[in-house]
Amino acid sequence: MHTETHLALHHLRAAGLRGEADAYRLAAMARRPRHLRTRLGWTLVEIGLRLAATPRTAPTVPSC
């Protein structure tokens with residue numbers, strides 16, 4: 001294959017890949033953000049683990 005033809009095909013393919021990458025970036029930014037939801041979920045898991053790990057003592061009844 002002639003070098004100029006090969007270079008032209010390479011430029012076309014590179015431009016196509018850049019276009020696909022831009023489209024993916026735009027689609028990824030348009031998705032609903034999950035950062036807060038994820039943080040809240042892990043916080044609830046951590047609280048649940050702490051509650052489950054704390055030893056429960058029986059309440060003391062005051063004597064009369």
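Remember, it's a predicted structure, so these values are computed and weren't measured experimentally.
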Could you list who else is in [X]'s hydrophobic cluster, with ILVMFWY side chains joined at under 4.5 Å, directly or through other members?
X: Leu17; result: none
X: Leu7; result: none
X: Leu44; result: Leu40

Taking only residues at least two apart or on different chains, which pairs with a member in residues 1-10 satisfy side chain to side chain donor-acceptor pair (under 3.5 Å)?
->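 Qualifying pairs, neighbours excluded: none.
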Qualifying side chain to side chain donor-acceptor pair (under 3.5 Å) pairs, either residue in residues 13-24, two or more places apart |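 Side chain to side chain donor-acceptor pair (under 3.5 Å) check on residues 13-24 returns Asp22-Arg25.
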Summary of salt bridge (Lys or Arg N to Asp or Glu O under 4.0 Å) pairs that have at least one residue in residues 44-54, sequence neighbours excluded =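 For residues 44-54: Glu46-Arg50.
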Close side-chain approach of Leu26 and Met29, heavy atoms under 4.5 Å =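 Yes, their side chains come closer than 4.5 Å.
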Mind checking side chain to side chain contact (heavy atoms under 4.5 Å, CB included) for Ile47 and listing every partner two or more places apart, or none if nothing turns up?
->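 By the side chain to side chain contact (heavy atoms under 4.5 Å, CB included) rule, Ile47 matches Thr43, Leu51.
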